[in-house]
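Below: one structure, written as structure tokens.
Computation of the quantities below employed the complete heavy-atom set of this structure, encompassing side-chain atoms and omitting hydrogens, waters and symmetry-equivalent molecules.
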Amino acid sequence: MRAMDAWALITGASTGIGRELARVFAKNGFHLALLARNEARLKELATECERAHQVQTRVLARDLARPNAADEIFDALRDTPVEVLVNNAGFGFYGPFAQSDLRVQTDLMQVNMIALVQLTHRFLEPMIARGRGRVLNVASVAAFLPGPTVNVYYASKAFVFSFSYALAEELEGTGVTVTTLCPGSTRTEFFDRANIHMNRPWPLMDARKVAEVGYRATMKGRRVAIPGWSNKLICAVVKRVPPRLPARMVKKVHAPGPPRA
């Protein structure tokens, strides 16, 4: 794939890992279609990438919680040859499930799972027809863990991992690859926005490093990328212990209280 002529569509590009992914793709010569709700932030990022890397950009201010958003996005980019789809948009929600706002949980499922599937379905057909393309779906280390008090978010990431890995196998030989990025705790606005407590025993990863791992894995066509040795260790260990143990660990990590340095 020649990056100089290729477009990457990146959802959730206004902050965090998505913003850093946009910078990494631009640095490597990709034109950018940037999508998030915050149009001002997207325009600021677009200008930065255009000036720094002489790439073209398109800004799409859309809310993926809306059921018809994926169709609108595909129609808006119908004449743009998207060769890399980065499904990064997502959000979390903290609190006991029975007392939580069901509408918020439903929106979470719409953004984290349904919109991801819809966008992948829409942009996959042109990729297969061209015989080349890349899909990067951002899951999480949470995909491998039960998540008490953050249960719908954790479950949504398990869905992303399972869907993406199965799709990667299905597409073998088509010239289109699917990579699942599974970061652990990363230095972004995510935890504050979701009101998720993190009594963490390990440091937060830098969002740029996570983005670079995701980019390299995507370009190599790898199926799974887990940034950081501690995150790799967590994923390896939880496969070998009864689910109740990691569930208790996650509940303790997210329990309200002062975070560790």
Side-chain angles (χ1 to χ4, degrees), residues 1-64 69-90 115-116 118-120 122-138 175-181 183 186-189 205-222 225 227:
M1 181 184 298
R2 289 198 312 136
M4 60 174 17
D5 298 323
W7 282 80
L9 167 59
I10 302 174
T11 72
S14 60
T15 62
I17 295 172
R19 191 175 183 87
E20 294 304 324
L21 280 165
R23 288 169 171 155
V24 172
F25 272 92
K27 181 181 178 181
N28 285 277
F30 281 86
H31 304 307
L32 302 175
L34 303 172
L35 188 144
R37 291 181 300 172
N38 192 318
E39 187 172 17
R41 282 191 174 187
L42 290 180
K43 288 182 175 179
E44 176 187 346
L45 177 62
T47 300
E48 173 194 323
C49 292
E50 288 172 359
R51 290 175 177 172
H53 305 294
Q54 293 73 54
V55 297
Q56 300 177 48
T57 64
R58 295 194 60 181
V59 167
L60 296 92
R62 299 287 192 281
D63 183 357
L64 290 177
D71 288 338
E72 293 177 357
I73 293 161
F74 182 77
D75 289 341
L77 297 174
R78 189 177 294 275
D79 298 325
T80 303
V82 173
E83 302 223 11
V84 181
L85 169 63
V86 180
N87 284 308
N88 167 76
L116 179 146
Q118 291 172 331
L119 286 170
T120 302
R122 289 297 249 159
F123 285 96
L124 200 57
E125 187 174 358
M127 290 182 185
I128 294 173
R130 290 192 297 265
R132 65 182 187 276
R134 300 281 188 272
V135 178
L136 173 59
N137 288 334
V138 179
V176 181
T177 62
V178 180
T179 299
T180 311
L181 178 61
T186 306
R187 192 175 294 105
T188 68
E189 299 175 11
M205 282 198 71
D206 180 72
R208 180 57 176 257
K209 291 182 179 179
V210 172
E212 289 171 346
V213 169
Y215 174 83
R216 290 194 297 268
T218 301
M219 293 301 103
K220 292 178 180 178
R222 290 173 53 194

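- The shortest non-hydrogen separation linking Val24 to Asn28 is O-ND2, 2.8 Å.
- Using a 4.5 Å heavy-atom threshold, the side chains of Phe25 and Met219 count as touching.
- Looking only at side-chain heavy atoms (C-beta outward), Pro227 and Met205 come within less than 4.5 Å of each other.
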**Item:** Trace of the side-chain contact (heavy atoms from CB on, under 4.5 Å) decision for Thr15 with Arg41
**Value:** CA-CA 8 Å; Thr15 62; Arg41 282 191 174 187; 2.4 Å; yes
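- Distance check: Leu85 CG to Leu116 CG gives 7.5 Å after rounding to the nearest 0.5 Å.
- Considering only residues two or more places apart in sequence or on other chains, Glu72 meets the side chain to side chain contact (heavy atoms under 4.5 Å, CB included) condition with Arg62, Arg66, Asn68.
- Here Arg134 contributes atom CZ and Glu83 contributes atom CD; the two are 9.0 Å apart, rounded to the nearest 0.5 Å.
- Using a 4.5 Å heavy-atom cutoff, the side chains of His53 and Phe30 are not in contact.
- In this structure, the separation between OG1 on Thr218 and CZ on Arg216 is 10.5 Å, given to the nearest 0.5 Å.
- In terms of the side-chain hydrogen bond (donor to acceptor under 3.5 Å, both in side chains) criterion, residue partners of Glu212 (sequence neighbours excluded) are, by chain and number, Arg208.
- Residues satisfying the side chain to side chain contact (heavy atoms under 4.5 Å, CB included) criterion with Ala89, sequence neighbours excluded, are Thr11, Leu64, Val111.
- Annotation: side-chain hydrogen bond (donor to acceptor under 3.5 Å, both in side chains) contacts of Asp63 (sequence neighbours excluded): none.
- Heavy atoms only, all atoms of each residue included: Leu60 and Ala33 are closest at CD1-CB, 4.2 Å.
- Residues passing the salt bridge (Lys or Arg N to Asp or Glu O under 4.0 Å) test with Lys43, sequence neighbours excluded: Glu39.
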Got a list of side-chain donor-acceptor pairs under 3.5 Å for residues 74-82, not counting sequence neighbours?
unit_1 : atom_1 : unit_2 : atom_2 : d
Asp75  : OD1    : Arg78  : NH2    : 2.5
Thr80  : OG1    : Arg58  : NH1    : 3.1

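- No donor-acceptor pair under 3.5 Å is formed between the side chain of Arg19 and the backbone N or O of Ala13.
- Residue Val55 comes nearest to Ala26 through the heavy atom pair CG1-O, 3.8 Å, listed as atom of the first residue, atom of the second, then distance.
- Shortest non-hydrogen contact noted between Val176 and Arg132 is CG2-C, 4.0 Å.
- Nearest heavy-atom pair across Thr57 and Ala46 is OG1-CB, 3.4 Å.
- Listed by chain and number, the residues in a side chain to side chain contact (heavy atoms under 4.5 Å, CB included) with Thr180 are Ala139, Phe161, Ser164, Cys182 (sequence neighbours excluded).
- Sorted by first and then second residue, the pairs that involve residues 45-57 and meet salt bridge (charged side-chain N to carboxylate O under 4.0 Å, His left out), not counting sequence neighbours, are Arg23-Glu48.
- Atom CE of Met127 sits about 8.5 Å away from atom OG1 of Thr120, to the nearest 0.5 Å.
- The distance from the OG1 atom of Thr177 to the CZ atom of Arg222 is 12.0 Å, given to the nearest 0.5 Å.
- Not a single side-chain hydrogen bond (donor to acceptor under 3.5 Å, both in side chains) links Asn88 to another residue, sequence neighbours left out.
- The two residues Leu35 and Ile73 come nearest to each other via the heavy atoms CD1-CD1, 3.0 Å.
- Evaluated for a side chain to side chain contact (heavy atoms under 4.5 Å, CB included) with Thr179, the options Leu136, Val138, Asn137, Val135 yield exactly one hit, Leu136.
- Note: Asp71 CG to Leu119 CG = 9.0 Å, rounded to the nearest 0.5 Å.
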